[in-house]
There are 2 protein chains.
Amino acid sequence: MIETRLDAVKLDGAGPVYDQIRRAIRDLVVSGEWPPGTGVPPEHALMEQLGASRMTVHRALVQLAREGLIVRRRRSGTIVASPPASHAMLDILSIPEEVEQLGQVYAYDVLSRSDGRPAPEVVERFGLKRSDKVAHLVVLHRADGMPHVLEERVIHAATVPGLAEEDFAETPPGDWLLKHSLWSQAEHAISAIGAGAEEADLLSIAIGEPCLLVERRTWNQSKPVTAVRLLYPGSRHRFVGRFGPYGQV
Amino acid sequence: MIETRLDAVKLDGAGPVYDQIRRAIRDLVVSGEWPPGTGVPPEHALMEQLGASRMTVHRALVQLAREGLIVRRRRSGTIVASPPASHAMLDILSIPEEVEQLGQVYAYDVLSRSDGRPAPEVVERFGLKRSDKVAHLVVLHRADGMPHVLEERVIHAATVPGLAEEDFAETPPGDWLLKHSLWSQAEHAISAIGAGAEEADLLSIAIGEPCLLVERRTWNQSKPVTAVRLLYPGSRHRFVGRFGPYGQV
DNA sequence: AAGTGGTCTAGACCACGTC
DNA sequence: ACGTGGTCTAGACCACTTT
């Protein structure tokens with residue numbers, strides 16, 4: 001267990017005390033100052049440090065646990081949670097896991113990679129600036145040897161340290177990024193398009209066959225991290241979600 | 001304000017008291033026994049009725065408010081909330097509202113309707129039982145006169161009272177259902193398919209053109225309410241969502 | 001002015017899991 | 001056995017809104 005730094009929790013005097021405590025700890029977590037696994041001080045320690053009652057401290061911690069930022073267990077205490085691997089229907093999900101959950105064997109090939117200033121059509125397709133320095137990758141993911149999804153991705157070198165040294169031989173870029181970068185915001189779009197000639201060839205489908213296109217862009221503190229286009233052959237994929245009128249079921 | 005029925009709140013002795021209170025009131029709301037606008041008894045009344053402390057009652061009510069089932073205001077008290085009209089990315093949404101939010105003029109045509117035992121291909125397409133009695137509808141929604149989305153829907157007569165008397169001349173079936181039925185669970189699926197001959201004709205697109213297919217089924221207390229297939233021409237539609245690592249932004 | 005919810009305290013006992 | 005979180009109480013004061 002990573003050691004705790006009790007004095008890092010500082011209140012700002014704005015609003016209810018329980019919310020000050022919640023925001024103080026939340027900020028330590030999302031800023032990365034308390035990485036996953038860090039021990040959050042026990043309630044009695046926070047009580048004394050902050051001069052609040054245990055119920056008030058407890059209320060803040062319960063809310064953080066409900067939000068998924070911390071994990072609480074009796075006796076062993078409270079630690080900072082690992083970021084959730086999945087999120088509702090359209091997620092920052094791991095394609096290897098997605099394939100393995102289908103009971104199929106996962107494999108992938110990095111079809112191309114180029115680093116530096118992106119080509120004009122890449123700039124347009126991902127909404128980049130011409131001056132952005134990125135790695136541009138095309139990756140084909142396979143399930144039981146069959147093409148599963150075609151991934152085209154740019155990764156911003158300025159926000160992802162270690163990018164130049166990584167060759168993605170062991171881990172596909174999406175999964176590598178989960179471990180080597182932080183993100184604070186993401187945007188998804190989903191649409192239907194027909195496969196182009198090159199895409200159809202790589203996916204072993206007919207030109208013009210309907211595909212689901214999932215586009216995802218992520219940022220960390222408003223700095224772009226990565227943008228990806230995932231092309232799923234439509235005949236073989238559905239995204240399913242279940243919920244009730246007041247939230248996810 | 002609809003009168004309150006304090007004695008309707010009954011605890012079951014299972015689990016924490018605050019959760020018993022929460023579930024008791026939740027059940028009164030989702031069952032329709034306390035319809036939207038009903039006054040929830042004030043905390044002090046629930047305290048006395050249930051023999052719990054105010055903090056415990058408060059905790060239950062705060063959680064219900066956070067879940068959106070009730071609305072609390074000082075002085076004027078707590079009332080049962082109206083069900084949320086929209087839900088996250090893939091919603092029980094109103095197509096008229098969707099079109100009007102795009103700044104376009106909405107119109108629709110009921111292209112066909114048939115009531116009673118559904119045809120075999122309808123049974124299969126919607127996963128019905130052969131004995132289900134349903135209304136089967138095909139509706140074309142237009143934006144600024146242009147085909148916007150093609151809707152094919154079945155509505156279960158057994159769970160939707162008043163269905164036979166409604167001709168959907170004033171309100172499209174999706175919006176009518178929002179006011180005339182309850183639902184407790186829904187399932188969405190999204191996929192890409194090519195337009196068939198008939199669909200292409202109705203949507204004024206080419207046969208085989210990629211479309212987003214949104215399929216939605218809803219139930220109320222495990223009884224089916226409706227199932228719908230919405231076919232959006234892919235070139236003109238994207239579904240977009242934004243969120244952060246710990247939830248919706 | 002009065003009724004409602006919002007917050008907070010200082011304690012208590014219990015449940016659970018690790019030591 | 002012990003340390004942690006989970007629950008609960010009986011009270012207090014405050015903030016807001018309607019009357």
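In what follows, chains carry the letters A, B, and so on, assigned in the order in which the sequence lines appear, proteins first and then strands, with residues in each chain numbered from 1.
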Round to a whole Å and report the spacing from [atom1] of [X] to [atom2] of [N].
X	N	atom1	atom2	result
A:Asp19	C:dG6	CG	P	14 Å
A:Ile79	D:dT4	CD1	P	15 Å
A:Leu46	D:dT4	CG	P	11 Å
B:Met55	D:dG6	CE	C1'	13 Å
A:Glu43	C:dC16	CD	C1'	14 Å
A:Arg54	D:dT7	CZ	C1'	9 Å
B:Glu48	C:dG3	CD	P	14 Å
A:His44	C:dA10	NE2	P	17 Å

I'd like to know if [X] pairs up with [Y] as an ion pair, taking the criterion as any Lys NZ or Arg NE/NH1/NH2 lying under 4.0 Å from an Asp or Glu carboxylate oxygen.
X	Y	answer
B:Glu67	B:Arg26	no
B:Asp27	B:Arg23	no
A:Glu43	A:Arg72	yes

Q) Of B:Arg75 and A:Arg74, whose closest DNA chain C nucleotide lies nearer the 5' terminus? A)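 Checking each residue's closest nucleotide, the 5'-ward one belongs to B:Arg75.
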Would you indicate which nucleotide in [options] comes nearest to any side-chain atom of [X]?
X	options	answer
B:His58	D:dT4, C:dA10, C:dG6	C:dG6
A:Tyr18	C:dT18, C:dT7, D:dC8	C:dT7
B:Arg59	D:dT7, C:dC8, C:dT9	D:dT7

Q.
Using only atom types and a distance under 3.5 Å, with no angle test, would you say the side chain of B:Tyr106 pairs donor to acceptor with the backbone of B:Asp144?
A.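 No: the side chain of B:Tyr106 does not pair with the backbone of B:Asp144.
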Can a side chain N or O of [X] be found less than 4.0 Å away from OP1 or OP2 on [N]?
X	N	result
A:Ser53	C:dG11	no
B:Thr56	D:dT9	yes
B:Thr78	C:dG5	yes

Q: Give A:Gly51 one of three labels, base, sugar-phosphate or nothing, depending on what nucleic acid heavy atoms sit under 4.0 Å from its own.
A: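 Answer is sugar-phosphate: A:Gly51 comes under 4.0 Å of backbone atoms only.
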(Q) So if I apply the side-chain contact (heavy atoms from CB on, under 4.5 Å) rule between A:Val80 and each of A:Leu69, A:Thr38, A:Ile25, A:Leu28, which one comes out positive? (A)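 Per the side-chain contact (heavy atoms from CB on, under 4.5 Å) rule, the option paired with A:Val80 is A:Thr38, out of A:Leu69, A:Thr38, A:Ile25, A:Leu28.
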